[in-house]
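This report refers to the structure that appears directly beneath it.
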Amino acid sequence: YLDHARAKLEELRISFQSEMASMQLLKNFHWIYEWSMQCLAALEDWTEAFEVAEKVKWRSITVLLRYHSLGMVESAQEPLIQEETALLAKLIDALGNPIEATLFADPGAWKRLEEIWAELQPRYPDYVALRRQETLSAAETAKLLDEKVPVLVEYYLGNESGAAVALIIRKPGGKAAGVPLPAAKQVILDLVRQ
């Protein structure tokens, strides 16, 4: 049931109509992610736990940027940006009225945006990653580690479920490991200091 709920939330979050309200969605439905993390920790599926945590963090950062001018690529040097801007403006305008937003669907616009992003990807991968809200998998993250930073440790602290884990990725292997932590933040801070 939890997997079904997570899949449903994912489906809602990738629809444009929900993206404009996704900060509210993250706030109201964060418990789904928290209990997902709790279950994944219990199952010791640390790689999926890492990828779920990354997705939630990245979306909460990029949701305000996703459909607005980023200034990363000049439209004068890249004509596709002009077309992308016009398509995004059309989609944003349709969301001005909640009723229209519910009824509005333009699969042709979405298809063309995906084509534009696919063409821009090789030249502007960072820009397209923001537009698509892409996150790195655990394996891709491991490839970025080196001798200077051989290990990545991320802490996930749930507010409602009490889920608290340290997610660890090392260069070899590309799979995440995890350590369940006590739920109290002060106890975790003390452990980090130690």
Any Lys/Arg nitrogen of Lys55 or Glu51 sitting under 4.0 Å from an Asp/Glu carboxylate oxygen of the other? no
Check whether any side-chain N or O of Glu54 sits under 3.5 Å from a backbone N or O of Ser137 as a donor-acceptor pair, and report yes or no. no
Please check this pair: side chain of Lys171 against backbone of Lys143, looking for a donor-acceptor N/O pair closer than 3.5 Å.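 Checked: pair present.
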Which value, rounded to the nearest 0.5 Å, describes the distance between [X] atom [atom1] and [Y] atom [atom2]?
X: Thr141; Y: Glu154; atom1: OG1; atom2: CD; answer: 7.5 Å
X: Glu78; Y: Leu120; atom1: CD; atom2: CG; answer: 5.0 Å
X: Arg131; Y: Tyr127; atom1: CZ; atom2: OH; answer: 3.5 Å
X: Ile81; Y: Ile116; atom1: CD1; atom2: CD1; answer: 8.0 Å
X: Glu119; Y: Leu80; atom1: CD; atom2: CG; answer: 4.5 Å

Can you name the residues that form a side-chain contact (heavy atoms from CB on, under 4.5 Å) with Val192, not counting sequence neighbours?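 So Val192 forms a side-chain contact (heavy atoms from CB on, under 4.5 Å) with Tyr155, Ile188.
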Among all residues two or more places apart in sequence or in another chain, which pass the side-chain contact (heavy atoms from CB on, under 4.5 Å) test with Gln82? Ser75
Show the nearest heavy-atom pair for residues [X] and [Y], with the distance to one decimal.
X: Pro150; Y: Leu145; value: O-CD1, 3.6 Å
X: Ala118; Y: Pro122; value: O-CD, 3.4 Å
X: Ala176; Y: Ala138; value: N-CB, 4.5 Å
X: Leu157; Y: Ala164; value: CD2-CB, 3.9 Å

Is there a side-chain contact between [X] and [Y] in this structure, where contact means two heavy atoms from C-beta onward sitting under 4.5 Å apart?
X: Glu84; Y: Val73; answer: no
X: Val165; Y: Leu40; answer: no
X: Leu167; Y: Met37; answer: yes
X: Leu144; Y: Leu136; answer: yes
X: Glu48; Y: Leu43; answer: no

Any link between Val149 and Phe50 through a network of hydrophobic side chains (Ile, Leu, Val, Met, Phe, Trp, Tyr) touching at under 4.5 Å? yes
For residues Met72 and Leu87: do they belong to one hydrophobic cluster (side chain heavy atoms under 4.5 Å, members Ile, Leu, Val, Met, Phe, Trp, Tyr)?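 Linked, Met72 and Leu87 end up in one cluster.
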Side chains of Gln186 and Asp190: any donor to acceptor distance under 3.5 Å?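 Note: Asp190 and Gln186 side chains meet the donor-acceptor criterion.
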Mind checking side chain to side chain donor-acceptor pair (under 3.5 Å) for Asp45 and listing every partner two or more places apart, or none if nothing turns up? none
Start with the C-alpha gap between Arg112 and Glu115, add the side-chain angles, then the distance that decides, and say whether salt bridge (charged side-chain N to carboxylate O under 4.0 Å, His left out) holds. CA-CA 5 Å; Arg112 181 60 189 142; Glu115 291 168 357; 3.2 Å; yes
